[in-house]
S.K.: 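One structure follows; several queries about it will come next.
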Amino acid sequence: MNKDHQKSLDTCCQNLYKEETKYFDVIKKIKDTTPRIKNYKTNKSKKIDHAFDNILSFHEEAREVVQQKIKYATEGLDTIKILIKEYVQKELITELPKWEGSGNPPPLCGKIPPQSNYLASNGDIVAASIPEENTGFSIILCHVKNYSKKNQEYKLVDFFEDLNKGASYYTLPKEDVIPLPRTLSKKHLSQTEFSKDEKVLAVYPETTTFYPAIVLESPGSRSKKGTSTFYYSLRFVNDFVEQIEVYARFVIPLRN
């Protein structure tokens, strides 16, 4: 999941709390005026006392309603986050077919590059370089919607946003669209896997964004130790976690 999209969900909660804060400010102003109102009504009739008590009671009830709505909204957003995360992770861990042949591996088997005339198909999951104001660009997982041969451009939608109606689309030249592996070598051939200390791009867990990382162990090296195969052991650049496992489907060459 793109971190910017994660932030957008959190922003919804923050906005709700801001509204509650504004409401509390109104309540505070009412309570601050209480002594003056009481002084004014000291010698007035009981009707004024009753009216004043009703006003305070109304605002107290309204405050409780606001708090309850915020609680429900927050719980709802948390549930949405969990469901989306589960869906995304389920889609992303779908295992790729294993190539068992001999000789030269086919295009897009592990780190093998695509053919020069490669074009992604509609519905394919790809890595796309999306322009951003602050960072220059961000490489994220996208679904291919279509390809225009005339303009040599892809129309794509963010993998995370594609879960929602009304998602925004990107139009990118084909050189900004990076294919992912289509198969993996069952024999863990060296030419299909990145080597130890090699720099790569990989999807950070529970996101749909690629970040620079360094290979600690290849799937082939890990399989010899009896650990889970077809997963790389990586260390993401500038990350406090020393070692993270990433499925080979989401590890691609580092771009210049």
S.K.: Could you tell me whether Tyr247 and Phe230 have their ring centroids closer than 6.0 angstrom?
M.R.: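 Between Tyr247 and Phe230, the centre distance exceeds or equals 6.0 Å.
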S.K.: Nearest heavy-atom pair of Val251 and Val246: which atoms, and what distance?
M.R.: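 Minimum heavy-atom separation between Val251 and Val246: CG2-CG1, 3.8 Å.
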S.K.: Is it true that a side-chain atom of Asp124 and a backbone atom of Ser121 form a donor plus acceptor pair closer than 3.5 Å?
M.R.: yes
S.K.: Taking 4.0 angstrom as the limit, do Arg222 and Glu245 come out as a salt bridge?
M.R.: yes
S.K.: Looking only at heavy atoms, which two atoms of Ser223 and His188 are closest? And how far apart?
M.R.: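 So the two residues come closest at OG-CD2, 3.6 Å.
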S.K.: Please determine whether the number of non-hydrogen atoms from other residues, nucleotides or ligands lying under 6.0 Å from atom CG of Asn117 exceeds 12.
M.R.: yes
S.K.: After noting the C-alpha distance and the side-chain angles of Phe194 and Ser218, does the key distance pass the side chain to side chain contact (heavy atoms under 4.5 Å, CB included) rule?
M.R.: CA-CA 6 Å; Phe194 297 102; Ser218 67; over 6 Å; no
S.K.: In Å, rounded to the nearest 0.5 Å, how long is the span from CG of Asn104 to CD1 of Ile112?
M.R.: 8.0 Å
S.K.: Should we say atom CD of Gln191 is surrounded by more than 12 heavy atoms from elsewhere, each under 6.0 Å from it?
M.R.: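 Atom CD in Gln191 is crowded, with more than 12 foreign heavy atoms closer than 6.0 Å.
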S.K.: With ILVMFWY side chains joined below 4.5 Å, transitively, what does Leu108's cluster contain besides itself?
M.R.: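 Traced through the cluster, Leu108 reaches Tyr118.
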S.K.: Could you list who else is in Val237's hydrophobic cluster, with ILVMFWY side chains joined at under 4.5 Å, directly or through other members?
M.R.: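 Besides Val237, the hydrophobic cluster comprises nothing; the residue is isolated.
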S.K.: Do Leu119 and Tyr170 sit in the same hydrophobic cluster, where Ile, Leu, Val, Met, Phe, Trp and Tyr count as joined when their side-chain heavy atoms come under 4.5 Å apart?
M.R.: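 Same cluster: Leu119 reaches Tyr170 through Ile, Leu, Val, Met, Phe, Trp or Tyr contacts under 4.5 Å.
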S.K.: I'd like to know if the side chain of Ser233 pairs up with that of Gln243 as donor and acceptor (distance under 3.5 Å, no hydrogens or angles considered).
M.R.: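 Yes.
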S.K.: Please work out which of the three classes, parallel, tilted or perpendicular, describes the rings of Tyr204 and Tyr211, given edges at 30° and 60°.
M.R.: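 Perpendicular.
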S.K.: Tyr154 and Asp176: side-chain donor and acceptor closer than 3.5 Å?
M.R.: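 No, because no side-chain N or O of Tyr154 sits under 3.5 Å from a partner of the opposite role on Asp176.
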S.K.: Grab the two heavy atoms, one from Pro114 and one from Pro107, that are nearest each other, plus how far apart they are.
M.R.: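 Pro114 and Pro107 have their closest heavy atoms at CA-CB, 4.1 Å.
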S.K.: Apply side chain to side chain contact (heavy atoms under 4.5 Å, CB included) to Arg255 and Leu201, showing your working.
M.R.: CA-CA 8 Å; Arg255 303 196 89 192; Leu201 284 173; 4.0 Å; yes
S.K.: What verdict does the side chain to side chain contact (heavy atoms under 4.5 Å, CB included) test give for Ile139 and Thr209, after you've listed the backbone C-alpha separation in whole Å, the side-chain angles of each residue and the deciding distance to 0.1 Å?
M.R.: CA-CA 6 Å; Ile139 299 178; Thr209 304; over 6 Å; no
S.K.: Locate the shortest heavy-atom distance separating Ile125 from Phe159; write the atom from each residue and the value.
M.R.: CD1-CE1, 3.5 Å
S.K.: What is the distance from atom OG of Ser221 to atom CD of Glu193, rounded to the nearest 0.5 Å?
M.R.: 7.5 Å
S.K.: Do you know the tightest heavy-atom contact between Tyr147 and Lys174?
M.R.: OH-CD, 3.6 Å
S.K.: For Glu198, is there any backbone N or O sitting under 3.5 Å from a side-chain donor or acceptor partner on Ser195?
M.R.: no
S.K.: Would you say Trp99 and Pro105 make side-chain contact, with heavy atoms under 4.5 Å?
M.R.: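 Yes - at least one pair of side-chain heavy atoms lies under 4.5 Å apart.
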S.K.: Is the shortest side-chain heavy-atom distance between Asp158 and Ile130 below 4.5 Å?
M.R.: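 No, side chains not in contact.
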S.K.: Would you kindly confirm whether Phe236 and Ile252 end up in one hydrophobic cluster when ILVMFWY residues are joined by side chain heavy atoms under 4.5 Å apart?
M.R.: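 In one cluster with Phe236: Ile252, yes.
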S.K.: Could Arg235 and Asp197 be called an ion pair, given the rule that one side-chain N must be under 4.0 Å from one carboxylate O?
M.R.: no
S.K.: Report the residues that fulfil side chain to side chain donor-acceptor pair (under 3.5 Å) with Asn146, sequence neighbours left out, ordered by chain and then residue number.
M.R.: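 Result, side chain to side chain donor-acceptor pair (under 3.5 Å) vs Asn146: none returned.
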S.K.: Take Thr192 and Leu184 through the side chain to side chain contact (heavy atoms under 4.5 Å, CB included) test and state the conclusion after the steps.
M.R.: CA-CA 8 Å; Thr192 67; Leu184 298 173; over 6 Å; no
S.K.: What heavy-atom pair brings Arg249 and Pro181 nearest, and what distance separates the two atoms?
M.R.: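 Taking Arg249 first and Pro181 second, the nearest heavy atoms are O-CD, 3.2 Å.
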S.K.: Quick check on Glu175: does its CD atom have over 12 non-hydrogen neighbours (other residues, nucleotides or ligands) under 6.0 Å away?
M.R.: yes
S.K.: Between Lys98 (side chain only) and Leu96 (backbone N and O only), is there a donor and an acceptor less than 3.5 Å apart?
M.R.: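 Yes, because the side chain of Lys98 sits within donor-acceptor range (under 3.5 Å) of the backbone of Leu96.
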S.K.: Between atom SG of Cys142 and atom CG of Leu172, what is the distance when rounded to the nearest 0.5 Å?
M.R.: 7.5 Å
